[in-house]
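What follows is a single structure, written as C-alpha cells, with notes after it.
Order of the sequence lines fixes the chain letters, A, B, ..., with proteins taken first and strands second; residue numbering starts at 1 for each chain. Keep in mind that this is a model prediction, so the values were computed, not measured.
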2 protein chains.
Amino acid sequence: MKKINALESDFDFKNCPVRKVLDRFGDKWSLLVLLILGKKETLRFNEINKAIGSDISQKMLTVTLRTLEADGFLIRTIYPEVPPRVEYTITNLGKSLVPLIDNLEQWAKSNMSAIEKSRDNFVKV
Amino acid sequence: MKKINALESDFDFKNCPVRKVLDRFGDKWSLLVLLILGKKETLRFNEINKAIGSDISQKMLTVTLRTLEADGFLIRTIYPEVPPRVEYTITNLGKSLVPLIDNLEQWAKSNMSAIEKSRDNFVKV
DNA sequence: CAGCATCCTGTAGGATACTG
DNA sequence: CAGTATCCTACAGGATGCTG
C-alpha cells in the first residue's frame, strides 16, 4: 500500500490533521454531546440523553461519553449513591472545540439549503 | 408532549446544521479532495488521484467527485478527446469551506497529540 | 484516461434484555 | 440511575475486471 519512491508527492493520510479530526468527530454523536455540554457545563447521563432526544441509543451514548472522556474532552464523576449519580463535565479542551463547531454551524446555515437544492437538481438531470 | 425546559426537549436531529455538515463531510474523502482542489483550482482525475496517493480506490474517488459536483462544490468539464480528459474545478462555494478546514487543521495541530496521549493513558488504566 | 459494474467485507450503530 | 451484554443489520468503502 505504501509507495517507496515519492516522485509524485503522496498525501500523508495517517498524519493529516484534518483527517484525524474527522476520524474522531465524524461519528454520529460526539460533536453533538460536546455542544450540549458546552452550554450546560455539567450534566448527568439521563440529562444528556434527554437533551439529545430519542434518537440515540443508550449504548451509543455510553460509548460516545467514554470516548470523549478517554480523549480528555470531558470528566466523568461517579457519586457512590443509591441510585447512582454520574456527572459529565466538559474540560477546557472540550470547550476549545465549541467555537469551531459554531463556525461550522454558521457556514451550514448560510449554505446548506443551496447545496441541497443543487443536489436535487443534479439528480433530476 | 409538552416541553418543560430546553434540556428536556428533543433535539431536532434532522435539521441540525452541524449534523448536516457532518453527514456530508464526515465521509473519508470529500474534505480532502476539496482541500487539494482549493490549492490547485483545476485538476484532472488522475492528478487528484495521485495527489491523494494510493490510499483511495478509483471507485471512491469517482463517487466523491460526483457527490461534490452534485452539491455544487466543483464543476466537472469533459473534453471530448481521445483519450478523454476530464477536469475538476472548485467553485466559490467549495472555496468558502477552505478557511473552515484550515481552522480545523490548526486546532488539530495544536491539540491532537495531547488527545492521543490522553487516549493511550486511558486505555492503560 | 476516466470511468462503470460487481462482488465482498468490516464495522458503526440500533434493538432488546438484564443489573448493581 | 446508569449502565452491561448480545445480537443483528445497513451501508461505506475496498478489490477486481471490463470499456468507450
Among [options], the one nearest [X] by side-chain distance:
X: P84(A); options: dG3(C), dG13(C), dC1(D); value: dC1(D)
X: R76(B); options: dC1(C), dC4(C), dG13(D); value: dC4(C)
X: F45(B); options: dA2(C), dG14(D), dG3(D); value: dA2(C)
X: K28(A); options: dA2(C), dG13(C), dA2(D); value: dG13(C)
X: D27(B); options: dG13(C), dG13(D), dA2(C); value: dG13(D)

Quick one: are L34(B) and I90(B) in side-chain contact, heavy atoms under 4.5 Å?
yes

Side-chain touch R24(B)/I115(A), heavy atoms, less than 4.5 angstrom:
no

When you measure from the side chain of [X] to the backbone of [Y], do you find a donor-acceptor pair of N or O atoms at a distance under 3.5 Å?
X: R19(A); Y: K28(B); value: yes
X: T64(B); Y: M60(B); value: yes
X: N49(A); Y: F45(A); value: no

Starting at [atom1] of [X] and ending at [atom2] of [N], how long is that distance when rounded to a whole Å?
X: E47(A); N: dG3(D); atom1: CD; atom2: C1'; result: 16 Å
X: I56(A); N: dG14(C); atom1: CD1; atom2: P; result: 7 Å
X: I78(A); N: dG20(C); atom1: CD1; atom2: P; result: 16 Å
X: L43(A); N: dA2(D); atom1: CG; atom2: P; result: 11 Å
X: Y88(A); N: dA2(D); atom1: OH; atom2: C1'; result: 7 Å
X: E81(B); N: dG3(C); atom1: CD; atom2: C1'; result: 16 Å
X: D55(B); N: dG14(D); atom1: CG; atom2: C1'; result: 12 Å
X: K50(B); N: dC1(C); atom1: NZ; atom2: C1'; result: 12 Å

With a 4.0 Å cut-off on heavy atoms, is N49(B) in touch with a base, just the backbone sugar-phosphate, or nothing at all?
nothing

At a heavy-atom distance below 4.0 Å, what parts of residues 57-74 of chain A sit against DNA chain D?
Q58(A), K59(A), T62(A), R66(A)

Which is more 5' along DNA chain C, the nucleotide nearest P83(A) or the one nearest G26(A)? Just name the residue.
G26(A)

Looking at R44(A), I'd like to know whether one of its side-chain N or O atoms comes within less than 4.0 Å of OP1 or OP2 on dA2(D).
yes

Quick check: closest heavy atoms across F25(B) and S30(B), and the distance to 0.1 Å?
CD2-CB, 4.0 Å

Given the rule in the salt bridge (Lys or Arg N to Asp or Glu O under 4.0 Å) test, do K20(B) and E116(A) qualify, once you have shown the distances and angles that lead to the verdict?
CA-CA 10 Å; K20(B) 285 187 178 180; E116(A) 287 164 352; 3.4 Å; yes

